[in-house]
Amino acid sequence: MKRLLRTLFAAGSSRAVPPVVIGLFLLLYIGVAFFTDETLIALMAFTRRSFFLAALLALIPLNCALRLLRETITYLKIRRVLSGKPVDSIPELFDEDVDLHASPFTPELEGRLAAVGYKTRRSDNAVGAWRGISAFPARLLFLVGLFCLFTGILITTTSRTSNRRTIIEGEPMPMPDGIGGVVERITLANSSGSILVKTLTMEVAPSNSGQGKRTFGLYPPSMYGGSFVYPRYLGLALYLRFSAPDMPAGYETHCSLNAYPPGKEDNVVIPGSPYRIVFSLPVPESGGERYVSYMTGNITLQFKLLKGKEVLFTGSAPAGGEFVRDGYRLALPDIRRLVITDFISDYGVLFIWAAGVIFVLAGCLWLPIRLCFPRREMLFRFDSDRTVAYSRSEGGARIHVGAFHEALDLVDLKRDER
């Protein structure tokens with residue numbers, strides 16, 4: 001039973017597991033690409049529905065956890081063996097081992113190792129030597145980051161839900177599971193940052209649930225009501241009244257226009273009639289601020305009135321204004337800004353963000369240790385007529401190997417002298 005558990009542990013903690021699993025998903029991705037253009041979305045949906053693929057993906061965080069356990073056990077064993085305590089399977093802990101037919105402990109060995117910068121500790125039948133700082137904490141952080149990354153990918157792939165809602169200035173905020181607070185203001189402004197040209201913010205007043213006032217921007221996404229808020233597209237919420245000579249009763253409606261940025265057109269079809277109205281934000285003259293009307297909220301809409309395919313006339317009207325011509329009347333009592341927003345329930349994102357932070361910490365810890373203070377270790381165990389020497393290095397291998405072989409030469413020289 002112990003042998004079986006040891007075999008399973010060795011297989012599960014193998015470094016080959018992540019490349020093999022990623023390779024299988026890559027082959028599946030290539031296969032899916034022959035049948036659809038939205039390959040990644042299709043692959044995620046396929047994985048969500050397939051227990052086998054989800055279990056296959058779960059092997060990577062499991063492997064990271066087992067490797068984390070193995071690294072910890074190895075580190076603790078090395079500390080024990082360097083302090084002279086008995087440990088099983090010593091050769092597996094080191095990179096190199098040499099068996100010499102030599103007499104027991106050579107007193108000059110500690111002095112020689114100390115002369116080249118190694119600290120030593122002698123027990124009854126062994127001498128341990130080391131210098132530098134172990135990169136174990138950095139490896140530990142890296143494996144924790146790897147675990148968080150693939151755990152986040154697994155959670156995202158198997159449980160992510162997305163709901164798209166239209167958020168209108170001055171209206172309650174629609175949520176996947178109900179209604180949130182009132183959207184007080186939607187603001188588009190010039191950005192002072194070096195990446196984004198514009199910044200978008202949505203200010204939401206407290207809701208009945210007792211939440212405080214919240215402000216949502218483009219990045220990083222904020223969480224509201226258990227979902228991440230991702231603004232996607234800007235547009236306009238329009239309330240219009242329309243009447244024509246052959247429509248004495250007139251028509252009025254609330255509608256959403258996908259008419260952003262300026263120059264982009266969207267239309268409103270008047271039901272039960274041949275009329276269609278095409279709206280757009282005016283494009284300013286050369287040199288003008290293209291988004292100024294949307295940014296200030298002083299919005300004027302251009303429109304074309306079509307009867308069938310014929311354009312009857314064009315015109316413009318501001319919010320609260322109207323346009324009258326030849327018995328036709330178009331009034332725009334209200335124009336508000338809106339944002340098409342995705343509410344995404346995806347707790348895997350938290351693990352992925354955490355992984356990014358942990359990777360940065362691991363890199364900042366590993367790099368100076370590896371460059372300036374790499375860990376190098378030796379162990380010499382003496383029996384009645386033989387000496388077994390072990391060596392391992394996390395960096396500076398050439399210098400370490402030279403010091404190790406000089407120590408071996410010293411032990412061998414003392415044997416010859418005897």
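Keep in mind that this is a model prediction, so the values were computed, not measured.
With a 4.5 Å cut-off on side-chain heavy atoms, F150 and I22 count as touching. Between N163 and S227 there is no side-chain heavy-atom pair separated by less than 4.5 Å. Side-chain contact between T253 and F242 is absent, with no heavy-atom pair separated by less than 4.5 Å. Using a 4.5 Å heavy-atom threshold, the side chains of L236 and L281 count as touching. The side-chain heavy atoms of Y390 and R381, taken from C-beta on, include a pair separated by under 4.5 Å. Within the 4.5 Å cutoff, the side chain of T341 has no heavy atoms near those of the F216 side chain. Taking 4.5 Å as the limit, every side-chain heavy atom of Y224 sits out of range of all side-chain heavy atoms of M202. With contacts defined as side-chain heavy-atom distances shorter than 4.5 Å, the pair Y233/R164 qualifies.
Although no hydrogens or angles enter the test, the distance criterion places no donor-acceptor pair under 3.5 Å between the side chain of N63 and the main chain of R15. Panel note: side chain R122, backbone V127; no donor-acceptor pair is recorded below 3.5 Å. Distance alone, capped at 3.5 Å, is enough to place a donor-acceptor pair between the D95 side chain and the S393 backbone. Between the side chain of R336 and the backbone N or O of E169, at least one donor-acceptor pair lies under 3.5 Å. A donor-acceptor contact shorter than 3.5 Å links the side chain of D266 to the backbone of N258. A distance-only check finds no donor-acceptor pair linking the side chain of R67 to the backbone of S13 [under 3.5 Å]. Checked by atom type and distance alone, the side chain of R337 pairs as donor or acceptor with a backbone atom of I186 at under 3.5 Å. For the pair R376 (side chain) and Y118 (backbone), a donor-acceptor distance under 3.5 Å is absent. Of the possible polar contacts, none joining the S50 side chain to the F46 backbone as a donor-acceptor pair under 3.5 Å is found.
Taking the six-membered ring for Trp and the full ring otherwise, the centers of F359 and F142 sit less than 6.0 Å from each other.
With respect to R70, the side-chain contact (heavy atoms from CB on, under 4.5 Å) criterion is satisfied by exactly one of T72, T74, I73, L68: T74. Paired with E377 under the rule salt bridge (charged side-chain N to carboxylate O under 4.0 Å, His left out), one option of R392, K119, R121 passes, and it is R392.
For the pair E92 and K77, the salt-bridge criterion is not met [side-chain N within less than 4.0 Å of a carboxylate O].
Nearest heavy atom pair, residue E203 against residue T215, reads CG-OG1, 4.1 Å. Shortest non-hydrogen contact noted between T156 and G348 is OG1-CA, 3.6 Å. Taking all atoms of both residues into account, the shortest heavy-atom contact from T300 to S316 is CG2-CB, 4.1 Å. Annotation for I153 and T157: closest pair O-OG1, 2.6 Å, computed over non-hydrogen atoms. Nearest approach of P137 to L365, heavy atoms of both residues: CB-CD2, 3.8 Å. Here the closest non-hydrogen pair linking P318 and I335 is C-CD1, 4.4 Å.
Around the OH atom of Y275, the shell of radius 6.0 Å holds more than 12 heavy atoms that belong to other residues, nucleotides or ligands. Within 6.0 Å of atom CG in D99, more than 12 heavy atoms from other residues, nucleotides or ligands are found, so the atom counts as buried in its surroundings. Residue Y251 qualifies as enclosed at atom OH: its count of foreign heavy atoms under 6.0 Å is above 12. Heavy-atom contacts from other residues, nucleotides or ligands closer than 6.0 Å to CD1 of I399 number 12 or fewer. No more than 12 heavy atoms of other residues, nucleotides or ligands lie within 6.0 Å of CZ in R398, so this atom counts as exposed by the packing criterion. The number of heavy atoms from other shown groups lying within 6.0 Å of CZ (R160) is above 12.
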side-chain contact (heavy atoms from CB on, under 4.5 Å) evaluation trace for L28 with L53: CA-CA 10 Å; L28 184 59; L53 289 179; 3.7 Å; yes
Criterion side-chain contact (heavy atoms from CB on, under 4.5 Å) on F382 and L109, from CA distance to verdict: CA-CA 12 Å; F382 305 101; L109 181 60; 4.1 Å; yes
Stepwise side-chain contact (heavy atoms from CB on, under 4.5 Å) test for R139 and E394: CA-CA 11 Å; R139 293 197 301 272; E394 295 178 353; 3.1 Å; yes
Worked check of side-chain contact (heavy atoms from CB on, under 4.5 Å) between R79 and K85: CA-CA 9 Å; R79 286 181 62 89; K85 298 177 181 178; over 6 Å; no
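The line from NE2 of H405 to NE2 of H400 is 9.0 Å long, rounded to the nearest 0.5 Å. Here the straight-line distance linking atom CD1 of I358 with atom CG of L140 works out to 10.0 Å at 0.5 Å rounding. Once rounded to the nearest 0.5 Å, the distance linking CG of L332 with CG of L240 reads 6.5 Å. Rounding to the nearest 0.5 Å gives a distance of 7.0 Å between CG of L371 and CH2 of W366. From M223, atom CE reaches atom CD1 of I344 across 11.0 Å, with rounding to the nearest 0.5 Å. In this structure, CZ on R375 lies 6.0 Å from OG on S134, to the nearest 0.5 angstrom.
Classified by interplanar angle (parallel below 30°, tilted 30° to 60°, perpendicular above 60°), the ring pair W353/F228 is perpendicular.
Taking the salt bridge (Lys or Arg N to Asp or Glu O under 4.0 Å) definition, one finds that R241 meets it with E252, sequence neighbours left out.
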